[in-house]
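Below, read A as the first sequence line, B as the second, and so on, with proteins coming before strands; counting in each chain starts at 1. Fair warning: this is a prediction, and the values are worked out from it, not measured in the lab.
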Amino acid sequence: MEYNSKEIEKKWQDYWKENDSFEPSEDFTKEKKYILSMFPFPSGRLHMGHVRNYSISDAFARFHRQQGKNVLHPIGFDSFGMPAENAAIKNNANPKTWTYDNIDYMKNEFYSLGFSFSRKREMATSDELYTKFEQAFIIDMYEKGLLYREKGLLNWCPHDQTVLANEQVIDGCCWRCDTPVVKKDMNQYYFKITKYADELLDDLKKLEGGWPKQVLTMQDNWIGKSNGLAFDLFFDESSHAKLNEQFKSFDVFTTRPDTVYGVSYTALAPEHAIVTYMIENNLLSDEIIVEIKKMKTTSSIDRQKEKSGIPLGLNVIHPLTGKSIPVWIANFVLMDYGSGAVMAVPAHDDRDFDFAKKYDLEIKLVIKPFDGKAEDGKAYTEVGELFNSGEFDGMNSKKSQYNIIKYFEEKNIGKKTTNYKLKDWGVSRQRYWGTPIPFIHCEDCGLVMEKKENLPIALPDDVEITGEGNPLDNHPTWKHCKCSVCGKDAIRETDTMDTFVESSWYFLRFCASPENMQDEAFSAEQIKYWMGVDNYIGGIEHAVLHLLYARFFTKVFRDLGYLDFDEPFDNLLTQGMVLKDGSKMSKSKGNTVDPDEIIEKFGADTARLFILFAAPPTQELEWNDSGVEGSHKFIKRFFDRSSNIVACESIPKIAHAELSKDEKFARKKVYEALVRANDVYNEKFTFNTLIAGTMEAMNALNAQSNSDVWSEGYWILASIMEPIIPHVACEISEKYFSLNNLTKQIILDEVFVEDSITLGVSINGKRRAEIEVAVDESKENIITLAKEKTAKWLENKEIVKEIVVPKKLVNIVVKG
RNA sequence: GCGGAUGUGGUGAAAUUGGUAUACACGCCAGACUUAGGAUCUGGUGCCGCAAGGCGUGGAGGUUCAAGUCCUCUCAUCCGCACCA
């Protein structure tokens, strides 16, 4: 019978569906595995990145099921978000219809690839039920003080017409559409992720070993913790008077308190409150105001090109020396880090140095290298010896930091301070297709929460999406409601949630009990059993975004009493991108390969095999059409050669000693593949080498003709390949083994016992010959034999040393 | 600039962690079967050389009996962060 992927794959997909083959057991005494791929956005069709992602998780899931574990391998859709609205604007479609049509289509694609998902736990985050639970959590978080509303300077994407969180601005541009982001002053809801900054940072240690180092580093950098000294710089009397006595001082932060005696000027961000006050109260000339405004409206990218500044005509007093120091505005001072003001030490900071050179400001040295002189023409930023630093002269600059901070604290003029790069997470979006934020604006009561019993606050279906303004705000009736406190007419919040909120807890939602899904977001009992996720698989692009938010939510949910662990994902595998012709597959480049076409032409098993064979999962994968055909050929051979099997209900017993050399070799190769399978599925994840091992075993089986060896070989190979090519493996397994082989396989040590072994013989480390010896051959005999074989290279040489590495090689060292 | 990763045949990639470099596959070459082959099967295939032999894991050194693997320096590519005070 010829291999027919369509027939076989349909048969098994129907079988799995009818038999609920992949529903996890409710027996919580069993050992569990929670295998999860990052869920997809329902963009319309699957792409190869999805196929790769789920082929990896499916291989894990199926392997662990074979091992007798209770496996949760769920699927859902991250179905809120801008593309649904953009499609609506473009095609005049309804975002909801568009989204759910896509979900249906993609679900079919998933099942046509044979992925072993729990169907009972399927969900989409735009489901009203999901919205209901999420809104309840939002209210909980507000009550805990973890959500607040504030006016601020925000990242605004002019294309998507919405604000973005800091994490969502990549190189000054919108993460989704690449439009340069501008600053806009508006109201916004924030999650207080900064409250968890230290814990998010410290707990990265718990993830070491389970997460790629790179991701841990990226999160560490993003949180950006730095310790230092904060102190006030006081204006002198005339400056104080100039500012109408409104400002006595401003606050600066430094990580280099050791350089404090070298401060020769100080700089404010152009957005600083003092600058704003001076502009508003006409304390600056018109030309200067124009210059400041220009500085403020320059994009962050342009602002980085060259340092520029403006003297404000104000002076502050150095807190230790009492000297007068000029105050400048500088474009390189960031308003949203620290206090938006810096002390400048040009002698020991590159930026301050550049600025001082440009404006000819004083450069005061206070640290010198231990061995004498510093290089001219640049700042000396290394550790050294303090001088010009009062009572700290002669100290090691690094060590003096502690003392100087202590000195400031004793004199009560400054204190030890920690700063973070991480900002609170701005979560409101001025768009329609998202979770409505469950708040109400009441004239009398102010901002109040919706009552939990009124949830969900669902989106209206009859909405006009034009791309202009906020559709919920423009809707004629939706926003009108009653105040949840006083009952008077009030206005609903029309902003919706950032969709990263939904993906911050979906992995918990999969821990709902299927019987109770309507009533609870997740079951405490199931959470306790299933979490954390044993293998989480997804793209590196979420290293800071989703993965940071999800960690934050987990800690919040813990503090809300919903769960009792700190980290959601025990092990993270970041898969590489799928490339074609050297670059990432994308519609705009026209280098995409449609999974549906591959399934149609070769079948799902071929697609899965190729994708796992062509590269290890963490590396980039170059798509290669003839490589796909090669994978298809292997599957055909695998299927065709199964005719050598003699059907059996259990693994054949074989008398190893009586076999021929080829037969023994074939068995060895089969069991080597089995050993490798355990290794790969449990820790190494290099499916490519497992597949190669299977191919070697197949080649070795084919070089012999013992039907018991064939049957045993297939018993094992079909079992270890089932996670990768499940349809054809099940077909073979059913036909010959009544599916009995799809379980944990026993490794027989006897097949690895060798009668004789081949040793390489090297002269001076250069391989010259090989010899075959008995396993227990004596060292003397091995050396004698090795010398015979290499006599040619030993002539007229003096043998200096003879090394025998057991079971590996012989090395003879000669001289002359 | 800072941090991280990677560099092995014509190509995708292996190498049990210091022990026979290039497994497995693609491609290519030859042969078999065939009316035919873009099907299937068999064999070959790191580079130079007629050969003996030599060279060979980005490059240069080093440690070692032995280095793709360890150390020092260096080059290239990719990724992340990027005036964070």
Side-chain angles (χ1 to χ4, degrees), chain A residues 170-172 212-218 220-222 224-226 228-230 252-256 259 266-267 269 300-301 303-307 330-334 336-345 349-352 354-355 419-422 540-541 543-544 576-577 579 609-610 613-616 618-631 633-634 636-637 640 672 675-676 679 686 688-699 702 758-771 792 800-814:
Chain A
I170 314 290
D171 292 335
K213 243 185 161 162
Q214 194 196 162
V215 176
L216 297 176
T217 310
M218 284 168 79
D220 192 322
N221 290 342
W222 189 262
K225 181 175 182 171
S226 53
L229 167 72
V252 292
F253 171 73
T254 180
T255 54
R256 292 292 306 273
T259 65
T266 144
S300 63
I301 299 164
R303 209 163 131 174
Q304 275 180 46
K305 283 182 185 150
E306 205 196 335
K307 290 186 177 40
N331 69 342
F332 68 89
V333 180
L334 305 174
D336 52 11
Y337 184 77
S339 59
V342 299
M343 64 173 220
V345 187
D349 181 287
D350 294 323
R351 297 153 302 179
D352 298 345
D354 293 345
F355 193 84
N419 252 311
Y420 299 88
K421 206 185 93 165
L422 181 72
I540 186 83
E541 65 272 21
V544 260
M577 285 191 303
L579 311 178
L609 181 68
F610 171 73
F613 181 51
T618 51
Q619 261 178 54
E620 287 177 341
L621 181 145
E622 174 73 30
W623 190 265
N624 178 314
D625 290 329
S626 36
V628 177
E629 278 174 42
S631 292
K633 277 187 206 168
F634 171 77
K636 276 205 283 199
R637 272 200 301 274
D640 290 344
E672 274 176 6
V675 169
R676 196 177 275 185
D679 240 32
T686 48
N688 52 330
T689 62
L690 166 59
I691 295 164
T694 304
M695 287 172 170
E696 282 181 61
M698 278 291 289
N699 293 343
N702 203 44
T758 307
L759 300 179
V761 182
S762 301
I763 309 297
N764 287 346
K766 201 83 192 156
R767 185 174 172 272
R768 295 299 181 188
E770 61 183 36
I771 53 172
K792 186 177 165 185
V800 180
K801 204 168 181 182
E802 290 155 346
I803 294 146
V804 177
V805 183
K807 293 179 186 170
K808 299 277 186 190
L809 53 73
V810 180
N811 191 19
I812 301 172
V813 185
V814 297

* Expressed in angstrom and rounded to an integer, what is the separation of Leu334(A) atom CG from C81(B) atom C1'? -> 14 Å
* Asked: Which is true for Val252(A) with a 4.0 Å heavy-atom rule: it touches a base, it touches only sugar-phosphate, or it touches nothing?
  -> nothing
* Pairwise C1' distance, G54(B) and C2(B) [rounded to whole Å] -> 45 Å
* Say you pick atom C1' in U22(B) and the same atom in U77(B); how far apart are they, in whole Å? -> 22 Å
What are the atom names and distances for every N/O pair under 3.5 Å that joins the protein to nucleotides 19-24 of chain B?
{"from": "U20(B)", "atom 1": "O2", "to": "Arg767(A)", "atom 2": "NE", "distance (Å)": "2.5"}
{"from": "U20(B)", "atom 1": "O2", "to": "Arg767(A)", "atom 2": "NH2", "distance (Å)": "2.9"}
{"from": "U20(B)", "atom 1": "O4", "to": "Thr758(A)", "atom 2": "O", "distance (Å)": "3.2"}
{"from": "A23(B)", "atom 1": "O2'", "to": "Glu696(A)", "atom 2": "OE1", "distance (Å)": "3.4"}
{"from": "A23(B)", "atom 1": "O2'", "to": "Glu696(A)", "atom 2": "OE2", "distance (Å)": "3.0"}

* State the OG-CD1 distance between Ser762(A) and Ile803(A), to the nearest 0.5 angstrom. => 10.0 Å
* **Listed once per pair and sorted, the salt bridge (Lys or Arg N to Asp or Glu O under 4.0 Å) pairs that draw on residues 760-770 of chain A, sequence neighbours left out** => Arg767(A)-Glu770(A)
* Asked: With a 4.0 Å cut-off on heavy atoms, is Glu802(A) in touch with a base, just the backbone sugar-phosphate, or nothing at all?
  -> nothing
* Could you give the distance separating U72(B) and A21(B) at their C1' atoms, to the nearest angstrom? => 24 Å
* Asked: Which whole number of Å gives the distance between the C1' atom of U20(B) and that of G56(B)?
  -> 15 Å
* Nearest-Å distance once atom P is located in both G59(B) and A52(B) -> 27 Å
* Structure fact -> Sorted by chain and residue number, the ring-ring contact (aromatic ring centres under 6.0 Å, His included) partners of Tyr420(A) (sequence neighbours excluded) come out as none
* In which stems does RNA chain B show up, taking only runs of three or more Watson-Crick or G-U wobble pairs whose two distances fall under 3.5 Å? -> B:1-7 with B:75-81, B:10-12 with B:24-26, B:27-32 with B:40-45, B:46-48 with B:53-55, B:58-62 with B:70-74
* Roughly, in whole Å, what's the span from CG in Leu690(A) to P in A25(B)? -> 14 Å
* Could you give the NZ-to-C1' distance, from Lys766(A) to G53(B), as a whole number of Å? -> 11 Å
* Report the residues that fulfil salt bridge (charged side-chain N to carboxylate O under 4.0 Å, His left out) with Arg256(A), sequence neighbours left out, ordered by chain and then residue number. => Asp258(A)
* Asked: What residues form a side-chain hydrogen bond (donor to acceptor under 3.5 Å, both in side chains) with Gln214(A), not counting sequence neighbours?
  -> none
* Looking only at atom C1', what distance separates U6(B) and G68(B), rounded to whole Å? -> 13 Å
* To do: Ignoring backbone atoms, establish whether Ser226(A) has a side-chain N or O less than 4.0 Å from OP1 or OP2 of A85(B).
  => yes
* Asked: Within the pair Gln214(A) and G3(B), is there a side-chain N or O less than 4.0 Å away from OP1 or OP2?
  -> no
* Asked: With a cut-off of under 6.0 Å to the ring centre and 45° to the axis, is Lys307(A) in cation-pi contact with Phe332(A)?
  -> yes
Distances under 3.5 Å between nitrogen or oxygen atoms of protein and nucleotides 38-44 of chain B:
none

* Looking at the angle O4'-C1'-N9-C4 for a purine or O4'-C1'-N1-C2 for a pyrimidine, is G44(B) syn or anti, with syn meaning within 90° of 0? -> anti
* Taking atom C1' of C79(B) as reference, at what distance in whole Å does atom CE of Met577(A) sit? -> 9 Å
* Asked: Leu579(A) CG to U6(B) C1': how many Å, rounded?
  -> 14 Å
* To do: Would you mind reporting whether Ile763(A) and Ile812(A) have side-chain heavy atoms less than 4.5 Å apart?
  => yes
* Pick the P atom in C50(B) and in U42(B), then give their distance to the nearest Å. => 33 Å
* Within the structure, does a side-chain N or O atom of Lys421(A) lie under 4.0 Å from either OP1 or OP2 of A82(B)? -> yes
* To do: Could you pick out which residue, Leu621(A) or Ile812(A), lies toward the 5' side of RNA chain B when each is mapped onto its nearest nucleotide?
  => Leu621(A)
* Structure fact -> Its glycosidic angle compared against 90° from 0, U57(B) adopts the form anti
* Asked: How would you list, by chain and number, every residue that makes a salt bridge (charged side-chain N to carboxylate O under 4.0 Å, His left out) with Asp354(A), sequence neighbours excluded?
  -> none
* Asked: Roughly, in whole Å, what's the span from CH2 in Trp623(A) to P in C26(B)?
  -> 15 Å
* Could you tell me which residues satisfy salt bridge (charged side-chain N to carboxylate O under 4.0 Å, His left out) with Arg676(A), sequence neighbours excluded, listed by chain and number? => none
* Separation of the P atoms in G12(B) and G80(B), to the nearest angstrom -> 22 Å
* Structure fact -> Testing C83(B), A13(B), G3(B) for proximity to the side chain of Ala615(A), the answer is A13(B)
* To do: Would you please name every residue forming a side-chain hydrogen bond (donor to acceptor under 3.5 Å, both in side chains) with Asp349(A), sequence neighbours left out?
  => Arg351(A)
* To do: Taking only the side-chain heavy atoms of Ser626(A) (C-beta and beyond), determine which of A14(B), G27(B), G12(B) contains the nearest atom.
  => G27(B)
* To do: Grab the CD1-P distance between Ile540(A) and G4(B) for me, whole Å please.
  => 15 Å
* Asked: Do Asn624(A) and Ser626(A) meet the criterion of a side-chain donor-acceptor pair at a distance under 3.5 Å?
  -> yes
* **Integer-rounded Å distance: G1(B) P and Asn221(A) CG** => 18 Å
* With sequence neighbours left out, write down each residue that passes side-chain hydrogen bond (donor to acceptor under 3.5 Å, both in side chains) with Glu802(A), or none if nothing qualifies. => Lys787(A)
* Indicate yes or no for a side-chain donor-acceptor contact from Asn811(A) to the backbone of Gly765(A) under 3.5 Å, with no hydrogens or angles considered. => yes
* **Residues which pass side-chain hydrogen bond (donor to acceptor under 3.5 Å, both in side chains) with Thr686(A), listed by chain and number, not counting sequence neighbours** => Thr689(A)
